[in-house]
Structures are given as C-alpha cells and as structure tokens.
Amino acid sequence: MQKVKQQTERVGEGVKFERIRRITGYLVGTTDRFNNAKKAEEKDRVKHSVAGA
Amino acid sequence: MGSAPQTILKRDGTAVPFDAEKIRLAMEKACLATPEEQVSAQALIDMTALVVARIQEGTTPSVEQVQDLVEQVLIEAGYGLTAKAYILYRAEHAKIRRSEEDLMNIYRELTYSYAQNADLKRENANIDADTAMGTMLKYGSEGAKYFVDQYVLPKDVAAGHINGDIHIHDKDFYMLTETCCQIDLMKLFKNGFSTGHGILREPNGIASYSALGCIALQANQNEMHGGQSIPTFDYAMAEGVAKSFRSLYRSALVAYFQIGFALDETDSEALADKVGQSIGWPSMSALDEYEGALSGVLAAYEPEQAKAAHEYASRTALKNVKRNTYQAMEALIHNLNTMNSRAGAQVPFSSVNYGTDTSPEGRLVIESLLLATEAGLGNGETAIFPVQIFKVKQGINYDPGDPNYDLFRLALRVSAKRLFPNFSFLDAPFNDAYYKPGDPDSEVAYMGCRTRVMGNVYDRSREVTSGRGNLSFTSINLPRLGLICRGDWDLFYRMLTERMELCFRQLLHRYSVQCTKRVRNYPFLMGQGIWLDSEKLGPDDTVGEVLKHGTLSVGFIGLAETLVAMTGSHHGQNEESQRRGLEIVSFMRRMTDEQSARTGLNFTLLATPAEGLSGRFVAIDRDRFGEIEGITDRAYYTNSFHVPVYYQIGAYKKIRTEAPYHALTNAGHISYVELDGDTSKNLEAFESIIRCMKEAGIGYGSVNHPVDRDPVCGYTGVIDDVCPRCGRREGEAIDVETLRALRRQYPNMPMFYGLE
Ligand SMILES: [Zn+2]
C-alpha cells in the first residue's frame, strides 16, 4: 500500500457503474452495444408484483 | 364500401392518379405465370372491383396497402397459386429496389461509422463490432446475406424474407453449417479426442476435465453458428472428480505410510501400488467399505494403523478434491468469459445444464460451480457465460428431504445475486414424457436463451439430448397477419397456413444445402463423433442422413401484437384473447407435427426470442401500415408468446398466462419475471416465483432483476444514483482515504487500478 501515498488523492473519475442486464436470454455488461430495438425493450420493462397469488 | 380513391401514394411518397386497371393488369400477369390455375377474365374484373371496394373511403392508399389487398382477395377467392405468383412479382420488385441500395453502402457504413451510431453494428451485443475482427466478421456476414438473397434462395422465399413476412435466422451461414449441438463430454473424453491441432489424451482429473470441456465448447463453436451446450454437466464432471479423488487418496496414503508406518519413499510407493493392484482406489461414496478392504491388504500392520491410514487419506483427499473442484469450476467460468472464438471477436455462446446428479462427486461439481458463480470473476464481476441451467426435479432437488434440495436452495441464492442459473423443469408433462430414471440423457436440457431438442420422429429410439441440435430456424411475422386480416379469422388461418408452408419449403431448401456437406467440413463436430451417429461415417461421407436427428424449427414473434390487431386486446388482458392465442399457437404446432409425420424430419415450433429481427419486422410494418397503438407504436415486437414487457401484470398471473404455451413450443421457450430491488435480500419471493413456474407447467424460466456493480469499491447489488457502499455517483471520484477505510471493513473488496 506504500505506492498509494504517491498517487492522486482521488480515484474513480469517469468510472461508470456496470449494469448487467439480460437481453434475449444473454447477459450483457453494458447497454451501449444493444441495438435500438433491444434498448427500447429493456427501457419499457415494468416490474412484476409478487403480492397475492 | 368505398369508391375508388383519386390518388395513390408511391413508395417515394409522391401521390399519382389512382388507376384500377393497373391492379387488374398486375393480377393478370400473375395469372399468366400460373397456367395450372385458370382465372376467368370476369373473375379478374370482379376481384379488381373487390380490391377497390376495400380501400377505405376517403383515404389515399399506399401501393403496399393495395398490394396487400390484392393478395388477400386472391387468397380468399381460392386462387392460391396465383397469389403466390403475385407475391413473387412483388418481391422481385422489392429485390431490385434493394439491390439499388447496394452492398457497398453497407460496407461504407461498417467502415466509417462507430457502433454507437450504427444499429447495423449492434445486432449482436456480445460482439464488439468496433474491433478489426468484429468489422471483418460483419463484412463477411453482410456479403454472405446479400449473396444468399440474390443468388441462392428460391425467389418467393427471398421475397418473403426481404419484405418481412418471414425471417431466416443466421442467413449469413445459409451455405455453411447448422445452429447448435448438445455435447456429450463423457463420450468425447473416452479415449481422448483431437481438435485438429493435436490429440488430447483422456483427461485424468477435474482440472483437465474442466479445461477440455471448455476446449470442446470452443472447437464446436467454430464449426456451427449458434451456441454450444453441455446437457449433463454434473454427470460428466463427476467422472473427473472421481479420478482426482482416487489419485489424491493415493498420494495421501503414500504420505501416511512414510510418516505413520516409517517407510521410506520407495517402500511407500511400492505398498501403495500393492494396495491399488489388490483393491483399486476408493470412490467418495464407498469410503466405509473401502476401509475394510484396506485393512485386509495391510494385514501385516495393526488394524488401528490401517484405520488411521485410511482416515488420514480420506480426510486429506476430501479436503483437496473440494479445493481442486472449486478451482476447476472457477477456471471454467473464467475461460468461458475470456476465450475467444470466431476470429477472436466473440467468446463462445456456451450453456451448461446440471442439478440432478446425486452422487457425492456430482454434488460437489454443482456446489462448486454455484459458489464460483456467486463469487464472480476476478474482481467480483458477474460472469456472462456460460448460461447456466439448473434442472428442477421432484424427488431429486425440489422438496425438503430430496437429496439435492440443498443445492436447489443454493441455486436460488446464486440466481438472486447473479441472474444465473436459470431453471428448467423436468416435471413439466412435455419434459417428463421423456424422463427415464437413471438415464441422464433422457433429461431435457435447454440451450442458451431457449432452444430445446428432445423428440425424434426420425428415430423414436433415440429421443435423447446428447449429440443433437437445431439445424436451422425461421420465424414468422405474426403481427403482420393480424394487421392484414383485422379480425377475419378465416383469412388469418389461410394466410398462416401459407406462411407455415413457405417456412417448411425454405427449411427443406436449407436442409438440402446442409446435406451436401461432408464429415471433413466438420472436423470436430462430425470428425470426433460428437453429433449422433457421425462416428459411423468416414471423412468423405455426406452428413445428410445423420443430420436427420436434428430439428428444423418454425418460430414466431409478437403473439401479443397479433391478438391486439385481431381482437383489440392481448392475451394478458382477457380470457378470450388468451383462448385465441392458444388456438393460434396450437394450430402452428399441429402443422409442424403434421409436417414431421409427412417427411420423417423433426419439424418443431419455436418461441422466437426476437434477437436480430427484434425491430426489423416492426419497422417494415410501420412503414406499411402506419403507427398503430398497441401494435406498431414501439421499436420492437414482443418476444414470442410473452405478455408485453410494458404491461402491468402480477408475477404469478404472468407465469400462468404464459405456461400453456411452453407445452406447445417443443423447439424451445422461456418465461421471465421482472423483480424489483435487490432480490438476494428477498429470497422467499424469488423462491415462490420459481415454485410457481414449476407448478404452472413452465418448461424453462428465469427471474430478471437489476445487478449493478461499482468497479471502484466493488459493491455488487442495486445502485440507483449513489453507490450504497462508497457514496459516489456515476463518474465521480472519491478520495483514497475513504476507499482505504472501506477496505478495512470489506476485506474482499477488489483492488481498484491505481491503488495496487
Ligand atoms: Zn461504490
């Protein structure tokens, strides 16, 4: 951990969160590479309630 | 009834005077092309009048709309052949227009635009189309599609694809290979195998089993265009665990002889050899019996000494085999997420099925793979491959007291954190029909996002998973039929019959291309005997006969939009639409069954996941029919028989609505439930969903939930705007001291770059 002292005080600038999503059955780490239709489909999804039977 | 419109809209958007005579002439041309079907001059005049009458009063129709009406009227009047000729004539024109677009324009887009801006480059999200190899693949793929359209396909088939009536999947591979295969690793490993770059000997322990398993997936992926699957992963890897255990036991025994029996190394080895030759080495499930046998061989020593040797060797071997198996599964996941295939642009699309092996070796494999999946990759990232499928089976892992119930619980926990495994249900009647206790090959497996291959009309005695796969599949644009027929069910089923028959002809055409291939075209798949019965063929034999074990599948998308077009509501909204939906899908299934009986080939019905055609059909239909609420007003048509993703519905109701379609779609299906929040903190809800799927008769299902990760602090879970662990927002920097303090609190935090 010695090197730390010489490094910048702050880290993570520009680092995005990863958001894993399942699109047509496969997991993808970022939606950047989805085509437009798949992006739209992912955006439209609503959550399903588990209340009641 | 409308009167003739004043004008008609050409494709370029200009309005020209409407001329009914042009309609009659086009029909006449189609008649002339089909001398076997006589249409009288009067009939032509009557049908022309009918087309004109159907144009909505006061509107300016488009050329496309009028052509739809002509098709519809010809089919209604019973002139099927003429209708076909007319469609062909239409298609030829569409094709000429398209060739004007020029392949070179496509190449220009591929060359000069970034994937961010080019939809064409983002067809497959797992390929990085901005890399050199990714772009090279696209050049090849687009060139091949163009070639197939213009020079290979029968004209009406090409037309059907180009105008969006049907979609031929993986058309770029039309002249080359098949979709996928379920690989029997046990058979492959027996006596070793060759990948074309040297012979690999029969593996001798779990580490090499796992490594060779990856190599097999990779080698096969290079010869087929779809994903690759291992249908009985636990059983296959269990053999490797058993081998490892035996050799670990032997090593520990040798060590004990040296210390406990005070023998030197040579004598210890010699004594171990004697043990091995007399009674072999133990399996994990028969350690107690082995102790007695060992005492017999070591009769020269005190019984307590033999017992102590056995206890030490068992304990040590168990500890080490557990560690080795975990490492092997960790390596497998790592390999399958990093090893490249297809010219380096894509990792293999791999799937592994497991969950039913109740031997201690098989159980260890399942547990280790799940734990390694839960832990994630090197820095805790969620692994995106392999697709994992946990087989749920009553009496084996479903209920408390079942031998693998603990592993089912573990699978739920891991899936709630990592999205995998998915769950398949062997008790669903259509899967249970094939199940034979004690025969892993009779357990239905799923490949990737849904593919299922089980029934076999070509050879009823070989209704097995291993060595078989899908040959090709083609999907029908179901919503378009709804848009043309608008409530006329009679016409709908007539047109659906035509579309199905078009798909059958096209699939057979592709199969006839596949039949010309020889074993040497598939050095691994066929050369190493992975495909069923290929081991009986020589390198120059054609593969047509053995390919009959595979499936030819007709798929569909947009049942929901179809029902909206026909009835005004989709199957999630009311019972009547659900009844209609089941009627449509049953109709298609009946047709594939009949086609199978007629041909002796496995025609099956697929619930298409949309993939490449997500968006393509709807874009064409929006141009043609306009933007219609609930049908063409979104960027995509709904996946297969799914209730639309945007529709508010309870989880259990969604499952029960979709379940009956699983029984009908024998080429594959999946249902999803979307859960909110961090599901790993609500395992009961997660489990209740999976149990509901099983009870409802779902074949294959999974739960979607958000899985986010902050690469800076390593937090995995749900991140809205602010990371719950380190408090940073997306893109923000945090100070090193905060991170260091967090590391003391969470010792498993990955090292972030710049901080090693
Ligand atoms: Zn964080």
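First the proteins, then the strands, lettered A, B, ... as listed; each starts at 1. Because the structure is a prediction, the values reported are computed rather than measured.
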Q) Is there side-chain contact between A:R22 and B:N422, with at least one heavy-atom pair below 4.5 Å? A) yes
Quick check: do B:V736 and A:V11 have side-chain heavy atoms less than 4.5 Å from each other? yes
Most contact-rich option vs chain A, by heavy-atom pairs under 4.5 angstrom, among B:I649, B:N682, B:N639, B:T638, is B:I649
For A:L27 and B:A383 the tightest heavy-atom approach is CD1-O, 3.8 Å
Separation between CD1 (A:I20) and CG (B:N704), nearest 0.5 Å, reads 12.5 Å
When the 4.5 angstrom heavy-atom criterion is applied to B:V643 and chain A, the contacting part is neither
Okay, B:C726 and chain A: the region with an atom under 4.5 Å from a heavy atom over there is neither
Honestly, the part of B:I670 sitting under 4.5 Å from a heavy atom of chain A is neither
Between A:R10 and B:A733 the two heavy atoms that sit nearest each other are NH2-O, 2.8 Å
Notebook entry, point to check: Do B:Y647 and A:V46 come within less than 4.5 Å of each other through their side chains, counting heavy atoms only?
Noted result: no
For B:V712 and A:G12, the nearest pair of non-hydrogen atoms, with its separation, is CG2-CA, 3.7 Å
Output for pair (A:H48 NE2, B:L675 CG), nearest 0.5 Å, gives 9.0 Å
CD (A:E41) and OH (B:Y646) are apart, to the nearest 0.5 Å, by 11.0 Å
Nearest heavy-atom contact between B:A635 and A:A40 is CB-CB, 3.7 Å
Exercise for review: Could you label the plane-to-plane angle of the A:Y26 and B:F349 rings as parallel, tilted or perpendicular, counting under 30° as parallel and over 60° as perpendicular?
Suggested key: perpendicular
Under 4.5 Å to a heavy atom of chain A? For B:V387 that would be side chain
B:D710 and A:F17 have their tightest heavy-atom pair at CG-CE2, 3.7 Å
Chain A shares the most heavy-atom pairs under 4.5 Å, among B:R418, B:R728, B:E732, B:K654, with B:R728
CD of B:E730 to CD of A:E18, rounded to nearest 0.5 Å, is 10.5 Å
When the 4.5 angstrom heavy-atom criterion is applied to B:Q648 and chain A, the contacting part is both
| field | A:R21 with B:D708: basic N within carboxylate O range, under 4.0 Å | value | yes
One should read off an interatomic distance between A:N36 CG and B:Y636 OH, to the nearest 0.5 angstrom, of 13.5 Å
Under 4.5 Å to a heavy atom of chain A? For B:R450 that would be neither
